[in-house]
Undergrad: 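Here it is, the structure in full.
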Amino acid sequence: ISFSSVTLALLDAANDRDPVVQEQVRKSILTLGNQQPDKVLSMCQDYLLKHPKLVVGHRVVILQTIELVVKSRIDDISYPKIKSVIQLASDEMTKSKEVVPEWQQAASNILVAVGNKYINDIMEEILHKFQPGVLPHFFVVQTLANLSDSNVYGMVPFLNAIMGTMLPMLGMTKQDNMKWVFSSALCHFSESILEYLANLDKAPDPTVRKDTFSSEIYSAYDILFNSWIQSRESKLRLTVAEALGSMSHLMAHDKLEEQLPKLLPTILGLYKKNSEHYIISKVRPSSPFHNYRKCLVEVNRSTSYSVQVHMLFPPLWTVSILCSVKTWKCVIYLPVQVKKRVVQVISAMAHHGYLELEGGDLLVRFIIQHCALPDNYHVQTTVLWPMLLCYLTPNQYANATTPLCKSLILLANKKQTAQEPNFIIDFNAQGVNAAFPFRCRGHGAPSLSLLHTISTNIHPKAEPLWENEIPKLVNYLEGLLKYTTVMYFLYRCIGVILQQCYNKELVRKQLQEILISTRHNDAIERTGVAMGIGLCASSHLDGTLEKLEEFGKSDAFRKASGIFGLLKDKNEVDVEKMKSTLILCYGYVALHAPEDKLLTRIDSDILHNISKNFNTKCVFASLYMCLCVCILIHSVGLIAKAISKSVRKQGYLFSRKQELMGVMMDFIKAEPTDVMRTPVRYLVLTTCANLINLDPPLTENENFDLLKTCLNGVYGLPTVDTPDKQREVRIKYAYTFTALHELLRNVLARDLSPDGLQSVFKHIESWLSSGQDHERERAVKTTAELLQFYLDNLRVKNLVIFHNLGALVGRLAPRCTDPNPEVRRAAIDCVYRLMYIQLRYEGFSLDYKDDSVEGLLDVREKLSNPDHSVLYKTCSELTKIISKRLPQQQLSTLLFMLYDGLVDSQSNCSRASSVILNTLLKNRGAEMLEVLHNRLQVIGEEQVKMAIGQSILILATQHLQTVVNTLVAYPLPYDSWSCEMWIALGADSTLALQIMEMIIEKLNVMVPYVDKKESMLRPGLTKVATSQPLAMTCALREMMLSGQSADAVAYLFPKLFSALLVRLGSSVGVQLPKDLNSNNICVSLCCVLRVAVEALRILLGRAQLDTVMKPLDQEGAWDKMKDPQQHTTGVTLLSRAMAKHAGPRLPAIVESLCPSLCNIYECQRITVTAFFSELLNHHVVTELMILDMLMNNMMERITDTCGTVRMLAVRGLGNIAVGSPEKVNKYAKELLAAMSSGMEENDDPGKLITLEAMSGMSKILLYLDQKNVHLLVVYIFMKIKPFLENENDEIRCASIMLLGNLSKFGSGEPVFKDQIHNVLVSLLLHLSDPNPQVVKACKYAMRICAPVIGSEQISAMFQNHLLEEKGLHHGEFINDLTKYLIQDFPGMLNFYHITVIQFFKSNWAEIRASAAMFIGKKKKLFYSIF
């Protein structure tokens, strides 16, 4: 196997996913590369170039292999190959503009490896991609940084130029990753320069100096320090800090001295932001230690970071400082690891007796000081007796008292047990610092225990006394809660003393001393001062108020600007703190002031001065102002509490109540809704709870705003049930909700009535259906608290109805199945209390126990089971209890609320509402369809909609007539929710059957419309639909949309079809009532005719008559039915489709429709007659044996008062010739009489009846026997003759066709022959009629009449030339015919002549022209013959 094949195979294998395989491939290729480096590098290079789309991992392995070969054999690689490798690595590194670390780092490493020897070639390539004014690629900068590390002496000469190019780029950099790489590069550059300068003897250019780079370094420092160090990205901050530390060594000395006061606080500030301190600790600017100390002193005065300063010093250096600096302040700067080692050393020295040597006390002091450190630096160690006693009294070691006492107790017990002589100590002037038991981590109890142990050292007589008393004191202290600070207690003591003092001047001086000497920034001390001054005011109100006002005007409240304004902010804060103390003092003064004097001083002295000292314009200008707000709120609350106590004995209207309530509301609104950082909410709620008790009472709107603001500000807070929440936050939450409940109780107490309860509850109820578990839980628990308060304080003196019981139960009962078990339990408690409140209103005593209500406690236990089926079953039991105790008049309100609960955000509760609802409907049978309708409008869950439908069915089962009447009375057009209710009724086939029969019965007897005069200016009446039949038609339409209604529809199909067909007829030309007609949308949705057509169509679909509907759809029958002008045509198409595809259903339909033919409404008779008329056109009626019934009805309609009905009846009679031709002779007499009567119709303006009569006569003549017609031929002929010249084309055509059909019965009859000759001229002339159908009719009639004329030549001519589809040369035909007429009928020529002349006045020019031609031909032939 060749070298190349092996190498290529290894390059292919580099794509393996296993890291072990990749590592082995690299090693194998390196082995080959060590043998033939140029060849291997060439193959690697060619492989990368030939495979530009290699996956990144494969590419990285090959690049790493190149790096290994270069590092291993760089001296043996040819220069051309080095150049190509540099080019390849450079291209690979910058090929992608996006940063792909693994790939680009591998390429960069190649350049760094090559740069160890060929730095000039590397720099030539890289500087091409490091051009001024253009941000370079990330890894170009990274490569430069790494090169400065790997080849210090080669890179430093280039750095001045590189930094000169880089500086403008720093200002252009916006991305954090580029800032990071520039910072890292500057750090590396600085360290390389420092290394270069430290080894100038080895450097190629020993003339390089530090100041060569100072200018560029300072420029870069300025950008990094002023802009980049404050970045939000911690990684960038740390890199910048490290860079600043390295760069500071290259800065000019004066520049560094200038920057140190700013640099050190900034670096120390990073400890607050970063958990990683190592990099920050490396930032040790090059400067003498005294400069550090000077800067650090300034830092320690204004910052809290001094505990971290030790990170700036090397540990050994810190120990040396520890040994040399007597103040021992620097001891706290040691790292924890160093402290541990020092403690271990001291402990080891103690075991060997070294602590007894000179300086041992310093080491013991070191231990004691670290025992006194804050808790996170607490170190337990062993110390010696009795040296530790010396550290009990100095105040600076007070925090170490507890461990000292424990150690001393241990040592004392050991020495006492061993009876060591040094146990007895001579204290002389020694003292013990154990005066305040709860200070310094509660050192009181350990101090007493120590005294008990060493009592014999104190005094021989102390032992028996302390043996008895000290254990009691220790038990007392251990059981006593930590009270506060000593100063708090002392100020209160002073207040009590001043309260008893009668020397007013002394009181004034002491008050002045208290106000001046107080540390106003200490919250506990401030409270103590305020309480002390308040206690003093109980005896010296006037003097105290005067002193407070005087203090508020003193120089202490003037804001000093400081030197150049530098201390301005600090002074402003101090002044605001003093104002806060003053405001709080006024609150406690009011609280303790004599009740008979307080009310006269509230406005003028107390509130007036508070408002002067509180600047509302800058309430939230600083963090401290939050404290000011809290103090103001607390003070106002104290004032309200004081006033409420005073007004018990005297009436008082607090005029500023509304103003203060408004301020409180502004405070709570300003609080963030997603977090509780301050006690503002708790204080505001407490203050409002006190203010609400005062007169005047709030208006309804003010009360509304108060409750809404407070509840929204508290209920919306996020839950605290997460591990990261601190105990303090939980306590704030608990206090806040307690204060909220107190406020709500006070509001309710002012109006302890059903109305008052409702006014509070309406603000809570919206939270009951919140999507958040904790919000629902808060709302239900608050409600339970309020109901318990209401029940406990209810005193029924007069007859009062608990009118909102139903509303409250309806809101709370569904919550008994809430997903949150806490909500379920609280909800059942609410229902339990509501039931007892109702019993109280009914007159039962407070201690009365109702068995059914007590059953709710058992239900409460069952609700702990989260299983849905158990919950709903339990919910049904709950409903039965509620139903038993709920008054009748409350039932409708309860149902209304339950319907509202059907759209609850929690599906459990919405389903519970439906369970309660159905249980109530079964038990109480309420009539609440309107509420159901309203609730359907907002229900989205299908399962809940089904439950609503079930409720409607239950209600309809019990009260069918009422339900139907109520739903029918809903306004039209029905909205979608009304439609859903009808559909729900259609879902039960039995119920649907009853409702449909009821509606059919009413439709058959109700007035479909009324005639109204539309306008006084317009003649005639307008048909206006009546509402009920229209609504019932809509109802039928919606019910039939339910698939479950199919059985009812199948059973009632004939009656439904008949009723809807009649209704369809009743809707033709009928307008909507005015209340609907005024709305165009309603017109489009609820057109009277359209509703009937749609109902009929849905009926056919539900009856599965698709074969009927298909031709109706294809022929546009539905649209024709809706069009009054084509209505009968549409009904005809419907009848035709039914006859063809639904024959078996027709007998019952015809039977149901027959009574409608006698209705008084013409429109109904027209529709039914049109339907029957078309049925006679089909043989199926004979097969179904309903022909006689139809014929009898049609014969009766011949005399109908309505012309359209008569016309349709005549048409139907004529249709028998098509549908049942074999029955024509059976009804010959009746048919001929009807047709003849029709042709004689006088009340027929449009001659439609005549037309139908002639058309029908033509059809029946085809099937009548000779015997039935021969006596009437001439009579019929005489009836036809006047219509031959009728202007109506259809009538002319029909009369001519009838003439032709009649002629077969006139053969051999001389009289009929004469009649044919009488009309022959008319027929000949109409061969040129402008209407083609008339021309065809003439040809047909003349062919049929030809044998009757009596001329074989004319007959042959008619048969040969008068073909319907054959053209006719009229002139030649008339010429030849005239010849035969002259020859065969010379006696008739004069009659023909006179007859033709009459046509000169014809209405048609073609006829007149033909008449003139006929005369001319006749004259010419006549003269030629004679």
Undergrad: What's the separation between atom CE in Met835 and atom CG in Leu791, rounded to the nearest 0.5 Å?
TA: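 Reported to 0.5 Å precision, the distance equals 12.0 Å.
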Undergrad: Calculate, to the nearest 0.5 Å, the distance between atoms CD1 and CG belonging to Ile610 and Leu584 respectively.
TA: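 Rounded to the nearest 0.5 Å, the CD1-CG separation comes to 9.5 Å.
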Undergrad: What residues form a side chain to side chain contact (heavy atoms under 4.5 Å, CB included) with Ser538, not counting sequence neighbours?
TA: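 In terms of side chain to side chain contact (heavy atoms under 4.5 Å, CB included), with neighbours along the sequence ignored, Ser538 is linked to Gln499, His592.
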Undergrad: Take the angle between the ring planes of His634 and Tyr588 and call it parallel below 30°, perpendicular above 60°, tilted in between.
TA: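 Rings of His634 and Tyr588: perpendicular, as their planes differ by over 60°.
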Undergrad: Is the gap between the ring centers of Phe704 and His763 under 6.0 Å?
TA: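 Yes, the ring of Phe704 comes within the 6.0 Å limit of the ring of His763, centre to centre.
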Undergrad: Does a side chain donor of either Asp751 or Ser753 reach within less than 3.5 Å of an acceptor in the other side chain?
TA: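 Looking only at side-chain atoms, Ser753 and Asp751 do form a donor-acceptor pair, the distance falling under 3.5 Å.
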Undergrad: Decide, yes or no, whether a salt bridge links Arg750 with Asp695 under the criterion of side-chain N to carboxylate O below 4.0 Å.
TA: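 Looking at Arg750 and Asp695, the cut-off is met.
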Undergrad: Considering residues at least two apart in sequence or located in another chain, which fulfil the side-chain hydrogen bond (donor to acceptor under 3.5 Å, both in side chains) criterion with Arg825?
TA: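 By the side-chain hydrogen bond (donor to acceptor under 3.5 Å, both in side chains) rule, Arg825 matches Glu822.
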Undergrad: Answer yes when Arg778 and Glu775 have at least one side-chain N-carboxylate O distance shorter than 4.0 Å, and no when they do not.
TA: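 Glu775 and Arg778: not salt-bridged.
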Undergrad: Determine the interplanar angle of the Tyr733 and Phe737 rings, folded into 0 to 90°, and report it as parallel if under 30°, tilted if 30 to 60°, perpendicular if over 60°.
TA: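 It falls in the tilted class, 30° to 60°.
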Undergrad: Does a salt bridge link Arg815 with Asp818, judged by any charged N lying under 4.0 Å from a carboxylate O?
TA: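 Yes, Arg815 and Asp818 are salt-bridged.
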Undergrad: Say you draw a straight line from CZ of Arg811 to SG of Cys909; how long is it, rounded to the nearest 0.5 Å?
TA: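 These two atoms lie 12.0 Å from each other.
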